[in-house]
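Here's the structure we're looking at; comments come further down.
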2 protein chains.
Amino acid sequence: MEQEQDLDLCCQEEQVHTGALERVRELMPRDETLYDLAELFKIFGDSTRVKMLYALLEGELCVCDLASLMEVSQSAVSHQLRVLKASKLVKFRREGRTVYYSLADEHVLSILSQGMEHIMEE
Amino acid sequence: MEQEQDLDLCCQEEQVHTGALERVRELMPRDETLYDLAELFKIFGDSTRVKMLYALLEGELCVCDLASLMEVSQSAVSHQLRVLKASKLVKFRREGRTVYYSLADEHVLSILSQGMEHIMEE
DNA sequence: TGAATATATGAACAAGTGCTCATACGATAA
DNA sequence: TTATCGTATGAGCACTTGTTCATATATTCA
């Protein structure tokens, strides 16, 4: 009870922002959605995975190709591909004993590009 | 030596993809850039921070407002704001003892939107 | 000055993450 | 079948991360 009150009151005496708070509360996506969104960005938040996604922008590559590019073990790449698959960021096709991975859709490029723009300025 | 060879050779006998690999190597951003990019996405990869950024899309809010919205402690919000500041995703202005935070630029919206598009389909 | 309020920060800890190592699986060829 | 190659997976571990708690800093007001 007390906690809930503390959460609703802003800075105890100043109710100045309660209007803004209500508006924000209405416009914000559901908690579950925001959680999923964070989960997605978490995937992009690892340099090995970002590197893999960038490599796949040029076209499909097999696990061994990726391992070579990343300069990490085949096992590590395989583990990360599993993560990327689970998030539907990559898809794959099997050809003999080789498995080729490629980007699942064009959102990957969009997201990478927007991020790149931010870090590039200044 | 042997390791380096293993890294350059793809799947031992199949040199089929070496052409593709060289092309990818040329077109890929520098390792340092990819690392910075991952660091940026790491910021978005936490539900508390994503929620904070979404809230700030509507306009500036003080620390206490944000704590109220996030339903976490003021201390936690303050720690996260520090992270967001360091990445130049938010800026702030002081008014008396209150500090108002707002988004640093429009890239935040772009990045959030692209991510949202991805999780929304299917 | 001293009290109160808003925010910031350091330490500590539980939970999560990405790697390596060993091994298993799946497909091909002898 | 057996051997080999490409890939996948489970266990274990070092490292990171986000929170809480306590406290410090900064601003206002009496």
Side-chain angles (χ1 to χ4, degrees), chain A residues 3 6-7 9-17 34-35 38-53 60-68 70-87 90-102, chain B residues 3 6-7 9-17 34-35 38-53 60-68 70-87 90-102:
Chain A
Q3 281 196 332
D6 285 340
L7 289 175
L9 291 177
C10 179
C11 308
Q12 297 217 355
E13 46 192 344
E14 297 195 44
Q15 273 94 352
V16 191
H17 315 131
L34 291 170
Y35 181 81
E39 287 301 303
L40 173 66
F41 285 124
K42 209 171 283 184
I43 308 296
F44 289 82
D46 174 79
S47 54
T48 300
R49 286 192 293 263
V50 162
K51 207 169 171 181
M52 289 169 70
L53 292 172
E60 66 177 15
L61 292 170
C62 73
V63 177
C64 187
D65 290 333
L66 285 167
S68 167
M70 303 305 110
E71 295 176 19
V72 296
S73 70
Q74 172 269 319
S75 175
V77 169
S78 208
H79 276 296
Q80 298 295 17
L81 283 169
R82 191 169 201 258
V83 175
L84 294 174
K85 256 190 295 183
S87 304
V90 302
K91 57 186 195 291
F92 65 99
R93 70 181 178 86
R94 175 151 227 144
E95 191 177 309
R97 35 195 172 196
T98 305
V99 179
Y100 293 91
Y101 282 84
S102 55
Chain B
Q3 281 196 332
D6 284 340
L7 288 174
L9 291 177
C10 179
C11 309
Q12 297 216 356
E13 45 192 346
E14 297 195 44
Q15 275 93 352
V16 191
H17 315 131
L34 291 170
Y35 180 81
E39 286 301 303
L40 173 66
F41 285 124
K42 208 169 285 183
I43 308 296
F44 289 83
D46 175 78
S47 54
T48 300
R49 285 192 293 263
V50 162
K51 207 170 171 182
M52 290 169 70
L53 292 172
E60 66 177 14
L61 291 171
C62 73
V63 177
C64 187
D65 291 333
L66 285 167
S68 167
M70 302 308 110
E71 293 178 17
V72 296
S73 71
Q74 173 269 319
S75 175
V77 168
S78 208
H79 277 296
Q80 298 295 18
L81 283 170
R82 191 169 201 258
V83 175
L84 294 174
K85 257 190 295 182
S87 304
V90 301
K91 57 184 194 293
F92 65 98
R93 69 180 179 88
R94 177 152 224 144
E95 192 177 308
R97 36 193 171 198
T98 305
V99 178
Y100 292 92
Y101 283 84
S102 55

Report summary line: Contacts of A/E60 meeting side-chain hydrogen bond (donor to acceptor under 3.5 Å, both in side chains) (sequence neighbours excluded), chain-then-number -> A/R93
Query raised in the report: Are B/R94 and D/dA26 close enough that a side-chain N or O sits under 4.0 Å from OP1 or OP2?
Result: no
Report summary line: The contact string for nucleotides 13-20 of chain D, one letter per nucleotide 5' to 3', using protein heavy atoms under 4.0 Å with B, S and - for base, sugar-phosphate only and none, comes out as ----SSSB
Requested in this report: Using atom CG of A/L61 as one end and atom P of D/dG6 as the other, report the distance to the nearest whole Å.
Outcome: 15 Å
**Report entry** Value in whole Å for how far the C1' atom of C/dT17 lies from CZ of A/F41
**Finding:** 19 Å
Report task. Please state whether the base of C/dA8 and the side chain of B/Q74 form at least one donor-acceptor pair under 3.5 Å? Result -> yes
Report task. Could you tell me the separation between the CD atom of A/E95 and the P atom of C/dA27, rounded to a whole number of Å? Result -> 14 Å
Requested in this report: Report the distance from atom CG of A/L53 to atom OG1 of A/T48, rounding to the nearest 0.5 Å.
Outcome: 11.0 Å
Report task. List in chain and number order the residues that pass ring-ring contact (aromatic ring centres under 6.0 Å, His included) with A/Y35, two or more places apart in sequence or in another chain; answer none if no residue qualifies. Result -> none
Query raised in the report: For B/Y101, which contact category applies under a 4.0 Å heavy-atom criterion: base, sugar-phosphate, or nothing?
Result: sugar-phosphate
Report task. State, to the nearest 10°, the angle formed by the axis through the first five base pairs of the helix from C/dT1-D/dA30 to C/dA30-D/dT1 and the axis through its last five. Result -> 10°
Query raised in the report: For the pair made of CZ in A/F92 and P in C/dG26, what is the distance, rounded to whole Å?
Result: 13 Å
Requested in this report: Can you tell me the distance, in whole Å, between the CG atom of A/L66 and the P atom of C/dC19?
Outcome: 13 Å
**Report entry** A/Q74: partners by side-chain hydrogen bond (donor to acceptor under 3.5 Å, both in side chains), with sequence neighbours left out
**Finding:** none
**Report entry** B/V50 and B/S47, any side-chain heavy atoms less than 4.5 Å apart
**Finding:** no
Requested in this report: Would you check, one step at a time, whether the test side-chain contact (heavy atoms from CB on, under 4.5 Å) holds for B/L61 with B/Y101?
Outcome: CA-CA 5 Å; B/L61 291 171; B/Y101 283 84; over 6 Å; no
Requested in this report: Please state how far atom OH in A/Y100 lies from atom C1' in D/dA8, giving the value in whole angstrom units.
Outcome: 17 Å
Report task. Rounded to the nearest angstrom, tell me the gap between atom CG in A/L84 and atom C1' in D/dT9. Result -> 16 Å
Query - Options C/dA27, C/dT5, D/dT7, nucleotide nearest the side-chain atoms of A/R97 - result: C/dA27
Report summary line: Between B/E39 and B/K42, the two heavy atoms sitting closest are OE2-NZ, 3.0 Å
Which pairs would a plain distance check flag for residues 79-87 of chain B, meaning a side-chain donor or acceptor within less than 3.5 Å of a matching protein atom at least two apart in sequence or in another chain?
from	atom 1	to	atom 2	distance (Å)
B/Q80	OE1	B/R49	NH1	2.9
B/S87	OG	B/V83	O	3.3

**Report entry** Nearest-0.5 Å distance that lies between atom CZ in A/F92 and atom OG1 in A/T98
**Finding:** 14.0 Å
Query raised in the report: Taking only N and O in the side chain of A/R82, is any of them less than 4.0 Å away from OP1 or OP2 of D/dT9?
Result: yes
